[in-house]
Each structure stands twice: as C-alpha cells, then as structure tokens.
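Index from 1, following the sequence.
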Amino acid sequence: MNKGKVYWITGLSGAGKTTVGKILYERIRAKKPNVFFLDSDAGRIVFNDKCGYSREERLDGAYRNARVCKMIADQGIDVICSTISMFDEVRDWNRANIEDYMEIYLEVPMEVLIKRDQKGLYTKVQNGECKDVAGMDMKLAFPKAPDLKVVNDGTLAPEKIVEMILSD
C-alpha cells in the first residue's frame, strides 16, 4: 500500500498555519478524497483539552500529533498538520519515522504577530495576564532545516503559499 504524505506546517501562534492548512486541504481534496486535516488547537478538543501549555505538556502534544499523522499516513491518506511544534526532537522523529514528510515553516516577525494577535495571547503576556506563550516567555527551537520556509508577513496571499508547498 502506498503511504500518504504528511505536510507538517509549523510556526508561532498567528503565523497562518491553520489558514494555509485549510487551503492546502481543499486543494488536495479536490484531486483526491483521502486527505486529513489536523489542527493542533482542534486536537486539544478531541483529547478533552487535557493538553496543557507547559513545556512537557506541549512536548507530549507534539508527539501525539506526530504519531497520529504517521498512523493516518501509513494507511495511504495524506495528512496536513498545523502545529506550533517547537521541538527539534519531534521534527527529527517525524523525519525518521514518516516516509513522505514535508516540513513547512511559516516564519513571521514578532512585531507582525503582535499586531495580528488573533487570540490575544501576545497582549496578555505583555500585560502579565498570561504565561507559557511560545516565542514570548517560553523558548522554542525554530526549525533548522525545513523543506520550505516562507516569511508570512502579509506580503504573500495564503493561496500563493499553498502553491509554493505543492510545487516543492
């Protein structure tokens, strides 16, 4: 049986992971029915929101996403996963264990993320109302060698980013 491809879209909160992931899902689904979209925020709901935000809980969640992606891809289904995924060891695990893996890093300057601040996370950290936000008060490992790195500062339409992913 042919394995599915895993598109691992990573970046900080507000980087456009979900937007790009949904468009990519629709583009692939138009050509083949076997595609699955896993958004890590939605995954928290599936797992009863027992996924916390400490470093250890985030690591557990990242591995959970990776194993789910592998399980689905092993059944011949393409998977698009939108996740902060701030751990080198998880991305290394993906490369070692997922046969057809593509890592897409959406890099966005912090000033743009703070301006977007869709969930209000960055403002809450700045006001001392929130902690453990990746890229602010929680250190993370940015991808060292993604298959595709896109600066998503608003100059490219999400559809153009999807074209870049599909042409790589």
Side-chain angles (χ1 to χ4, degrees), residues 1-53 57-108 113 116 118-119 134-135 140-168:
M1 175 191 332
N2 291 337
K3 305 270 181 164
K5 182 169 186 155
V6 172
Y7 298 88
W8 190 265
I9 304 172
T10 186
L12 293 175
S13 181
K17 301 177 301 293
T18 300
T19 300
V20 169
K22 285 179 179 178
I23 295 167
L24 179 59
Y25 170 83
E26 292 300 330
R27 289 279 301 276
I28 294 172
R29 185 140 199 225
K31 294 181 180 182
K32 62 191 229 181
N34 285 341
V35 61
F36 183 85
F37 179 59
L38 173 62
D39 181 77
S40 59
D41 285 342
R44 288 178 173 277
I45 296 166
V46 170
F47 293 109
N48 245 356
D49 205 23
K50 296 199 183 211
C51 311
Y53 292 94
E57 291 166 321
R58 285 177 181 264
L59 181 61
D60 285 345
Y63 271 119
R64 185 179 302 112
N65 288 340
R67 290 187 302 266
V68 167
C69 287
K70 179 182 175 6
M71 177 184 69
I72 294 169
D74 283 351
Q75 296 174 41
I77 300 168
D78 288 353
V79 181
I80 298 142
C81 183
S82 298
T83 178
I84 290 176
S85 182
M86 55 193 231
F87 304 101
D88 287 331
E89 58 262 43
V90 174
R91 292 186 296 265
D92 292 344
W93 186 92
N94 288 349
R95 289 201 186 278
N97 292 282
I98 299 172
E99 203 170 290
D100 195 356
Y101 173 74
M102 181 180 189
E103 189 176 290
I104 301 107
Y105 173 41
L106 300 180
E107 180 183 57
V108 181
L113 292 173
R116 288 180 186 166
Q118 298 158 329
K119 298 177 185 176
L140 62 149
F142 292 105
K144 291 174 180 59
D147 298 295
L148 178 64
K149 178 179 173 181
V150 178
V151 176
N152 191 19
D153 58 4
T155 57
L156 289 175
E159 293 81 7
K160 178 64 177 165
I161 296 170
V162 169
E163 288 175 24
M164 294 166 70
I165 292 167
L166 292 173
S167 69
D168 196 52

**Q** So does Arg64 pair up with Asp60, basic N to acidic O under 4.0 Å?
**A** no
**Q** Side chains of Leu148 and Met102: closer than 4.5 Å at any heavy-atom pair?
**A**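 Yes, their side chains come closer than 4.5 Å.
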**Q** Give the minimum heavy-atom separation between Lys70 and Ile98, together with the two atoms involved.
**A**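 Looking at all heavy atoms of both residues, the shortest contact is CB-CG1, 3.9 Å.
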**Q** Would you give the length of the straight line joining atom CE of Met71 to atom CD1 of Ile77, rounded to the nearest 0.5 angstrom?
**A**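 CD1 of Ile77 is found 9.0 Å from CE of Met71.
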**Q** What are the two closest heavy atoms between Val150 and Ile161, and how far apart are they?
**A**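 Where Val150 meets Ile161 most closely, the heavy atoms are CG1-CG1, 3.8 Å.
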**Q** For Lys149, which residues count as a salt bridge (Lys or Arg N to Asp or Glu O under 4.0 Å) partner, sequence neighbours excluded?
**A** Glu107
**Q** Hey, could you give me the CG/CD1 distance between Leu106 and Ile165, rounded to the nearest 0.5 Å?
**A** 7.0 Å
**Q** Locate the shortest heavy-atom distance separating Asn94 from Ala66; write the atom from each residue and the value.
**A** OD1-CB, 3.0 Å
**Q** If you measure from the Lys or Arg side-chain nitrogens to the Asp or Glu carboxylate oxygens, is any gap between Arg91 and Asp88 under 4.0 Å?
**A**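 Between Asp88 and Arg91 there is a salt bridge, with a charged N closer than 4.0 Å to a carboxylate O.
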**Q** Tell me which donor-acceptor pairs under 3.5 Å the side chains of residues 23-35 have, and how far apart each pair is, sequence neighbours excluded?
**A**
from, atom 1, to, atom 2, distance (Å)
Tyr25, OH, Arg29, NH1, 3.2
Lys32, NZ, Asp78, OD1, 3.3
Lys32, NZ, Asp78, OD2, 2.8

**Q** Considering all heavy atoms of both residues, which atom of Gly16 and which atom of Asn152 are nearest to each other, and what is their separation?
**A** CA-ND2, 3.9 Å
**Q** Supply the atom-to-atom distance Lys17 NZ to Ser85 OG, rounded to the nearest 0.5 angstrom.
**A** 10.0 Å
**Q** Does the side chain of Leu38 come within less than 4.5 Å of Cys69's, by heavy atoms?
**A** yes
**Q** Can you find a heavy atom in the side chain of Met86 that is under 4.5 Å from one in the side chain of Leu59?
**A**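 Side-chain contact under 4.5 Å: no.
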**Q** Could you walk me through whether Leu140 and Leu12 pass the side-chain contact (heavy atoms from CB on, under 4.5 Å) check?
**A** CA-CA 10 Å; Leu140 62 149; Leu12 293 175; 3.6 Å; yes
**Q** With a 4.5 Å limit on heavy-atom distance, are the side chains of Val151 and Val108 in contact?
**A** no
**Q** Nearest 0.5 angstrom please: Tyr105 OH to Ile9 CD1, how far?
**A**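 These two atoms lie 14.0 Å from each other.
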**Q** Does a donor on one side chain and an acceptor on the other come within less than 3.5 Å for Thr83 and Trp8?
**A** no
**Q** Does atom CD of Glu99 have more than 12 heavy-atom neighbours from other groups under 6.0 Å away?
**A**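 Counting other residues, nucleotides and ligands, CD of Glu99 stays at 12 neighbours or fewer.
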**Q** What are the two closest heavy atoms between Asp39 and Ser82, and how far apart are they?
**A**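 So the minimum-distance heavy-atom pair works out to OD1-CB, 3.6 Å.
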**Q** Looking at side-chain heavy atoms only, is the closest gap between Ile104 and Asp147 below 4.5 Å?
**A**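 The answer is no, as the side chains (C-beta and beyond) never meet within the 4.5 Å cut-off.
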**Q** Could you please spell out the steps behind the side chain to side chain donor-acceptor pair (under 3.5 Å) verdict for Tyr101 and Glu103?
**A** CA-CA 7 Å; Tyr101 173 74; Glu103 189 176 290; 2.8 Å; yes
**Q** A side-chain contact here means heavy atoms from C-beta on lying under 4.5 Å apart; do Val79 and Tyr7 qualify?
**A** no
**Q** Write down the atom of Ala62, the atom of Phe87, and the distance for their closest heavy-atom approach.
**A**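 Between these two residues, the closest heavy atoms are CB-CD1, 4.0 Å.
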